[in-house]
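In what follows, a single structure is set out as structure tokens and then discussed.
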Amino acid sequence: KLDKYYKDLTPDNVNKWVDGFGDLPDNLPRFALTLPFWQDGLASPPKPFREMIKEMDAQDRAQMQQRGLSEKYMKTIGFGNFATYMEGKIETMFGEAIGPVLANLKELKEKADSEYEGLSAELQDTDPKRIVSTVRDCGVSFAMALTHVMEGVLELKPMQNLEEELKEFHDYHQALGSTHFSAKPSDEFTGLGDYINYLRSELEMPTFDVKVNGGAQFRRLMFEVEIFLRFSEIADEAKKKDVIQARGVSMTTLTWRDVVVKLLSNQAHLPLQSRVAYVGERIRWFFEKQKEPILNFMLSLEGTPAANMFSPLYPRHAKLIQQNEMIKHLVYETYDMACQRQLKQFVELFDDMLTSTFSNPWVFLKGATTGETTDDLKDWVLPSWEDTTKRIKHELESRCSTEGQISKWLAQIPEETNQIDLAIEEVQQLVLRTYGFIRSQVCDQVELFAESFFKLPMMRRLEEDMALIELSEADIANYKVRRERLEGEMHRAEDHSKEIDACIDRIQGFRLMCAARSNTRIVAK
């Protein structure tokens with residue numbers, strides 16, 4: 001709209017007007033120009049728009065020169081000067097904004113190159129002549145990494161607190177319809193939520209709400225299953241007819257000791273066995289849930305200082321497992337089979353121990369043969385012959401303390417027929433007491449069984465299982481299809497990398513050109 005002010009401008013005020021009469025900041029660029037215009041109602045401009053712009057530009061400069069505008073301000077008059085300024089400004093701003101764009105492109109370039117290298121390595125490792133060896137090597141590395149995860153790795157995901165772990169475990173077996181183990185530690189609990197509240201609020205389990213995995217999660221698991229086992233009770237008290245029925249006749253005299261053994265086998269064996277099955281399933285569930293932390297641990301080592309402390313093959317094999325579904329399936333399947341095998345072994349050995357225990361509980365209940373202890377280790381010295389003989393005598397005497405107590409209780413049960421009601425009451429109490437001893441011994445040994453027949457075999461024999469992985473004909477056919485797909489993905493990744501290179505070259509060239517023009521303008525000024 002500059003043309004509207006022609007008449008108001010004179011040689012006295014034209015410079016001040018263009019300068020804004022001092023109201024505009026000194027560092028603010030300002031321009032005055034007239035844009036093309038034509039009468040309303042015309043469907044199109046009377047002349048080409050570009051020509052009209054040039055005419056208005058020439059008119060503005062001529063009018064301002066006639067009014068004596070200083071050469072200093074003539075550079076801010078007309079559309080031509082405005083367009084020249086904006087071209088330089090936009091070019092400068094774009095050049096300054098290229099930095100982040102160029103950084104993003106270089107990051108994309110690194111990712112594309114890494115993807116191409118990974119696909120190339122996978123294509124090489126899945127060669128039909130060495131595919132079995134590759135799968136086994138990946139499996140062995142996966143098995144070795146289990147040991148490190150069990151030792152404890154910081155910031156390793158995923159993690160769970162005990163509530164999440166128990167809910168996921170119960171949801172899984174509820175979906176399967178599992179009925180071979182006790183889902184609740186006691187019938188007094190209304191459900192899983194009641195048991196969780198007990199562990200958190202009443203028992204105040206220290207690590208209940210702490211999210212952990214690996215060895216820390218296993219330690220917490222052993223504490224929880226021991227609590228679960230200690231809730232085991234005989235379902236029903238021995239009835240009068242059961243006690244009378246158990247005391248039959250034989251070639252020899254049947255004693256109350258035999259009656260107690262029969263009642264324990266009938267009423268206590270199966271409840272305790274079902275709770276042991278729960279322990280085994282919980283341990284198996286724990287190990288099966290460690291697959292993802294193991295893989296994340298192997299992947300996290302790449303490019304970190306900690307990578308020098310472990311096998312350099314971990315990141316490479318982890319990428320193969322992550323990218324190749326067939327390798328992941330074979331490794332995970334072998335891992336799950338090892339967990340299932342150790343579960344079976346754990347349950348069978350524990351069942352054998354329970355069977356022998358309830359067939360002859362008196363041998364099982366003999367106390368531990370611990371000698372005298374002292375708080376001061378400085379008093380301990382190598383024993384003499386006399387000390388050894390005394391120690392053996394003392395240990396054998398103390399070993400029979402529990403059995404002696406039970407024998408004393410058995411002797412108090414009356415044998416007379418007219419006192420059968422009193423005898424039944426005494427037998428019921430003895431069954432409960434004896435079962436209490438057995439339950440305590442079993443709970444004390446559950447961690448030993450878990451360590452010996454589950455954790456250690458998993459950590460020591462898993463590598464051997466992975467080294468024996470075999471491929472079926474279907475697996476080999478799937479690998480052939482996978483290799484064909486890999487070749488196509490490699491070509492696409494290579495083309496992607498080339499396109500990014502071309503973009504980087506063009507942007508860097510434009511950046512250099514902008515810098516050169518900027519320097520030229522500075523010199524001209």
Notebook entry, point to check: Going through the checks in order, is the side-chain hydrogen bond (donor to acceptor under 3.5 Å, both in side chains) test met by H148 and Y314?
Noted result: CA-CA 12 Å; H148 304 307; Y314 282 172; 3.2 Å; yes
Next item on the list: State whether R282 and E224 are salt-bridged, where the test is any N-O pair (Lys NZ or Arg NE/NH1/NH2 against Asp/Glu carboxylate O) under 4.0 Å.
Entry: yes
Item checked: Test side-chain hydrogen bond (donor to acceptor under 3.5 Å, both in side chains) applied to S232 and Y435, step by step -> CA-CA 10 Å; S232 176; Y435 182 69; 2.3 Å; yes
Item checked: With R284 via side chain to side chain donor-acceptor pair (under 3.5 Å) - residues at least two apart -> E281, E288
Next item on the list: Assess the side chains of Y278 and H180: does a donor N or O sit below 3.5 Å from an acceptor N or O?
Entry: no
Next item on the list: Quickly, which of E165, E155, E164 forms a salt bridge (charged side-chain N to carboxylate O under 4.0 Å, His left out) with K211? Name it, please.
Entry: E164
Next item on the list: Answer yes or no: does atom CG of N104 have more than 12 heavy-atom neighbours from other residues, nucleotides or ligands under 6.0 Å?
Entry: yes
Next item on the list: Would you kindly check if the NZ (Lys) or CZ (Arg) of K184 is within the cone defined by 45 degrees around the ring axis of F189 and under 6.0 Å from the six-membered ring centre?
Entry: no
Next item on the list: Keeping the roles fixed (side chain from S359, backbone from S356), state whether a donor-acceptor pair exists under 3.5 Å.
Entry: yes
Next item on the list: Please determine if R341 and D465 form a salt bridge, counting it only when a charged side-chain N lies under 4.0 Å from a carboxylate O.
Entry: yes
Item checked: Close side-chain approach of K455 and M150, heavy atoms under 4.5 Å -> yes
Next item on the list: Using a strict 4.0 Å threshold on nitrogen-to-oxygen distance, state whether E163 and K167 make a salt bridge.
Entry: yes
Margin query: Checking F310 against M144 for the side-chain contact (heavy atoms from CB on, under 4.5 Å) test, could you report, in this order, the C-alpha distance in whole Å, the side-chain angles of both residues, the deciding distance, and whether it holds?
Written below: CA-CA 10 Å; F310 304 98; M144 292 171 61; over 6 Å; no
Note to self: So that I can tick it off, tell me whether K106 and E110 are bridged by a salt bridge, with the cut-off set at under 4.0 angstrom between side-chain N and carboxylate O.
What the structure shows: no
Check: Are Q160 and V212 close enough that some pair of their side-chain heavy atoms sits under 4.5 Å apart?
Finding: no
Notebook entry, point to check: Do Q345 and E348 have side-chain N/O donor and acceptor atoms under 3.5 Å apart?
Noted result: no
Notebook entry, point to check: Would you say the side chains of E426 and Q412 form a donor-acceptor pair under 3.5 Å?
Noted result: no
Next item on the list: Could you give me the CA-CA distance, side-chain angles and deciding distance for F223 and F228, then say whether side-chain contact (heavy atoms from CB on, under 4.5 Å) is met?
Entry: CA-CA 9 Å; F223 187 65; F228 191 96; over 6 Å; no
Notebook entry, point to check: Without hydrogens or angle criteria, can the side chains of Q273 and D351 be said to hold a donor-acceptor pair below 3.5 Å?
Noted result: yes
Next item on the list: Under the side-chain contact (heavy atoms from CB on, under 4.5 Å) rule, what do V442 and R439 come out as? Steps first, then yes or no, please.
Entry: CA-CA 5 Å; V442 170; R439 180 185 58 230; 5.8 Å; no
Next item on the list: Quick one: pull up CD in E115 and CG in L108 and give me the separation to the nearest 0.5 Å.
Entry: 11.0 Å
Next item on the list: Check whether more than 12 heavy atoms from other residues, nucleotides or ligands sit under 6.0 Å from atom CD of E333, and answer yes or no.
Entry: yes
Item checked: Trace of the side-chain contact (heavy atoms from CB on, under 4.5 Å) decision for L343 with I283 -> CA-CA 8 Å; L343 170 65; I283 299 174; over 6 Å; no
